[in-house]
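Read through the structure below, which is laid out as structure tokens, and then see the notes.
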Amino acid sequence: MNETEFILDHLEKMARNLEELVSYFEEELSAIYVDGTQQVNLICVEDALEILDSFGKNCASEIIGKTDYILVYDASKKLNIDGEAYLPAGYLVMKSDYGLKGLDESEISSVLAELRSRTCTFALGQHRIQTYRLG
């Protein structure tokens, strides 16, 4: 092995090590899932895709306001009250960017603010539930 090959070989190993190091420190992307008990959860993208699959043929979606965030839900869970549609739980929020993408930390804060601004409370007897207003 001559000197040039030796240097190139070491540079290639350094580049591979740097790629591994960068991927280790890359930010984990998440999705927001509001479960059946109305708990807000951060889940990994793989789990989000499994939940999407569980929606099956009832899968529906809408863009949240004028953002790049998309709310995906099981349409059979939608409530229609006085001509308006509401979703109490069981939905995912991800980023819409030529398909579904995970959310980074700053996007999660933005999504939560957007969700809060579109959430209302219904009183059902003694019980109160939070719902997301569709449309």
Side-chain angles (χ1 to χ4, degrees):
M1 178 181 290
N2 67 32
E3 223 175 88
T4 304
E5 289 173 337
F6 177 79
I7 292 170
L8 290 174
D9 184 50
H10 281 290
L11 286 173
E12 187 177 317
K13 287 179 186 175
M14 286 174 37
R16 276 195 309 264
N17 289 340
L18 184 57
E19 286 175 14
E20 288 175 19
L21 187 61
V22 167
S23 69
Y24 178 77
F25 286 110
E26 263 183 1
E27 190 170 2
E28 182 74 23
L29 297 178
S30 304
I32 294 173
Y33 177 59
V34 178
D35 66 20
T37 63
Q38 296 189 323
Q39 294 288 355
V40 177
N41 304 282
L42 288 181
I43 61 173
C44 68
V45 173
E46 291 80 21
D47 290 344
L49 295 176
E50 286 181 24
I51 291 169
L52 285 174
D53 285 343
S54 75
F55 294 163
K57 293 179 182 180
N58 292 325
C59 190
S61 65
E62 74 173 43
I63 297 293
I64 300 173
K66 295 183 181 193
T67 69
D68 291 334
Y69 309 127
I70 188 166
L71 185 134
V72 186
Y73 60 98
D74 181 342
S76 68
K77 308 284 181 173
K78 181 172 61 170
L79 302 174
N80 289 306
I81 302 170
D82 292 331
E84 299 289 335
Y86 299 93
L87 195 59
Y91 56 88
L92 285 165
V93 180
M94 298 179 77
K95 187 172 185 173
S96 176
D97 183 24
Y98 299 104
L100 297 175
K101 306 284 187 212
L103 305 165
D104 64 30
E105 195 172 317
S106 67
E107 291 170 324
I108 289 167
S109 298
S110 296
V111 168
L112 292 175
E114 290 290 338
L115 289 175
R116 274 192 297 274
S117 73
R118 291 169 172 77
T119 300
C120 57
T121 303
F122 280 111
L124 302 170
Q126 295 177 344
H127 304 285
R128 301 207 182 301
I129 62 167
Q130 297 288 318
T131 62
Y132 177 86
R133 184 171 181 219
L134 295 167

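Atom-to-atom distance recorded for D35:CG and N41:CG is 5.0 Å, nearest 0.5 angstrom. The distance from atom CG of L134 to atom OH of Y73, rounded to the nearest 0.5 Å, is 4.5 Å. Atoms CD1 and OG1, from I129 and T119 in turn, are 11.5 Å apart once rounded to the nearest 0.5 Å. A distance of 7.5 Å separates OG1 in T131 from CG in L79, rounded to the nearest 0.5 Å. Atom-to-atom distance recorded for C59:SG and K57:NZ is 13.5 Å, nearest 0.5 angstrom. Interatomic distance, CD of E46 versus CG of L29, reported as 10.0 Å (0.5 Å rounding).
Of the residues listed (L115, V34, I32, I63), the one engaging L71 in a side-chain contact (heavy atoms from CB on, under 4.5 Å) is L115, and it is the only one.
In this structure, I64 and E114 approach most closely via the heavy-atom pair CG2-CB, 3.9 Å. The two residues K78 and A85 have their closest heavy-atom pair at CD-CB, 3.7 Å. Contact detail for I70 and K95: the closest heavy-atom pair is CG2-C, 4.4 Å. A pairwise comparison of heavy atoms in L103 and A31 identifies CD1-CA, 4.5 Å as the closest pair. In terms of heavy atoms, G90 sits closest to F55 at O-CZ, 3.5 Å. Taking all atoms of both residues into account, the shortest heavy-atom contact from G135 to E62 is N-OE1, 2.9 Å.
Within the 4.5 Å cutoff, the side chain of L92 has heavy atoms near those of the I43 side chain. Counting only heavy atoms from C-beta outward, the side chains of Y69 and S110 approach each other to under 4.5 Å. Annotation: side chain of L52 is in contact with side chain of L100 (closest heavy-atom distance under 4.5 Å). Looking at F122 and I81, their side chains come closer than 4.5 Å, going by heavy atoms from C-beta outward.
Without hydrogens or angle criteria, Q130 side chain to Q38 main chain gives no donor-acceptor distance under 3.5 Å. Between the side chain of E107 and the backbone N or O of D104 there is at least one donor-acceptor pair closer than 3.5 Å. Remark: the backbone N or O of D74 is not paired with any side-chain donor or acceptor of N58 at under 3.5 angstrom.
Using cut-offs of 30° and 60° on the angle between ring planes, the pair Y132 and Y91 is tilted.
Legend: salt bridge (charged side-chain N to carboxylate O under 4.0 Å, His left out) pairs involving residues 120-132, not counting sequence neighbours: none detected.
Residue K101 places its NZ atom among more than 12 non-hydrogen atoms of other residues, nucleotides or ligands, all under 6.0 Å distant.
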